[in-house]
Asks: 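This is the structure I want to talk about, given as structure tokens.
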Amino acid sequence: MTRVHRIVMLGAPGAGKGTQAVRLAEHFQIPTISTGELFRQHIRTGTELGELAATYIDGGNLVPDDITIRMVKERLSRTDVEGGFILDGFPRTVVQAEALGEMLGEEDITAVVELWVDAEEVIPRLLNRAATEARSDDTAEVIRQRIKVYREQTRPLHEYYIKEGTLREINAVGEIEQITERILAELER
Ligand code: ADP
């Protein structure tokens with residue numbers, strides 16, 4: 001019997017969620033759902049949702065829960081997630097976590113992978129990405145705001161998923177490959 005993996009990635013901006021999500025998706029042959037990517041797609045194609053989302057994203061703030069939840073719900077209703085999925089960047093608030101629980105119903109999240117890095121490590125990583133990817137939300141000021149938002153709104157999910165019993169903490173300092181190995185080992189336990 002193959003196990004269905006329904007995985008949530010947690011961690012500060014720049015912790016490497018996106019990088020590891022893609023690697024895990026490849027390993028398990030399941031799709032990655034990145035809310036940041038979904039929003040950026042909307043922005044690129046000029047949808048109404050994209051226009052609205054951009055005003056929040058460019059300031060380093062979260063897109064309102066109702067909009068984000070609706071977008072994820074739509075994505076999770078497609079058939080390609082039936083064999084499992086990796087969520088990258090969702091949930092980011094307790095309200096979103098509760099909504100995800102409702103969306104999944106009987107199908108529990110199999111693991112919440114929380115990547116841990118030092119704050120000193122994260123800021124240079126993000127600035128470096130800003131230089132290479134030209135993301136409009138990777139300027140020093142916006143990065144600071146995103147970290148603040150993470151501390152205030154997303155960090156409570158640590159406690160939330162400890163209570164749910166699904167949290168797996170991973171030391172995310174090191175080589176990309178090595179961190180993937182740590183996650184896979186943790187998921188096999
Ligand atoms: P990072 O992981 O580096 O912070 P993302 O690509 O995941 O970047 O997200 C970029 C931006 O998209 C966030 O700063 C936020 O404005 C918006 N966003 C992404 N996911 C969510 C979410 N679940 N809820 C609200 N806003 C979100």
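Side chains are part of it too, since the values below use all heavy atoms of this structure and drop only hydrogens, waters and symmetry mates. When a ligand or atom number is given, it counts from 1 through the structure's own listing order.
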Asks: Within a distance under 4.0 Å of any heavy atom of G89, pick out the atoms of ligand 1 and give their elements.
Replies: 20 (N), 21 (C), 22 (C), 23 (N)
Asks: List the atom of A97, the atom of L157, and the distance in Å for their closest heavy-atom pair.
Replies: CB-CD2, 3.7 Å
Asks: Does the side chain of Y161 come within less than 4.5 Å of V113's, by heavy atoms?
Replies: no
Asks: Mark up the atoms of ligand 1 that fall under 4.0 Å of a heavy atom belonging to R40, in ascending order.
Replies: 6 (O), 10 (C)
Asks: Minimum heavy-atom separation for T68 to V63, with atom names?
Replies: OG1-O, 3.4 Å
Asks: In plain terms, say whether E37 and R44 are close enough for a salt bridge, that is, a side-chain N and a carboxylate O under 4.0 Å apart.
Replies: yes
Asks: Can you confirm whether Q178 sits close enough to E181 that some side-chain heavy atom of one is under 4.5 Å from a side-chain heavy atom of the other?
Replies: no
Asks: May I ask you to check if ligand 1 and G60 share an N or O to N or O distance below 3.5 Å?
Replies: no
Asks: Does this structure show an ion pair linking E186 with R189, if we count only N-O contacts that are shorter than 4.0 Å?
Replies: yes
Asks: Who's the nearest protein heavy-atom neighbour of atom 16 (O) of ligand 1, and how far?
Replies: N61 O, 2.6 Å
Asks: Which ligand 1 atoms are under 4.0 Å away from a heavy-atom of T68?
Replies: 22 (C), 23 (N), 24 (N), 25 (C)
Asks: So is R146 polar-close to ligand 1, meaning N/O to N/O under 3.5 Å?
Replies: yes
Asks: I need the atoms of ligand 1 closer than 4.0 Å to a non-hydrogen atom of R129, numbered in the order shown.
Replies: 3 (O)
Asks: Specify the closest pair of heavy atoms between V8 and F90, including all atoms of both residues, with the distance to one decimal.
Replies: CG1-O, 3.9 Å
Asks: Is Y56 close to ligand 1, meaning an N/O of one under 3.5 Å from an N/O of the other?
Replies: no
Asks: Considering the heavy atoms of Q96, write down every atom of ligand 1 situated less than 4.0 Å from one of them.
Replies: 22 (C), 23 (N), 24 (N), 25 (C)
Asks: Within ligand 1, which atoms have a heavy atom of K17 less than 4.0 Å away?
Replies: 2 (O)
Asks: Do you see a donor-acceptor pair shorter than 3.5 Å between the side chains of T47 and H42?
Replies: yes
Asks: Can you list the ligand 1 atoms lying under 4.0 Å from a non-hydrogen atom of T35?
Replies: 19 (C), 20 (N), 21 (C), 23 (N)
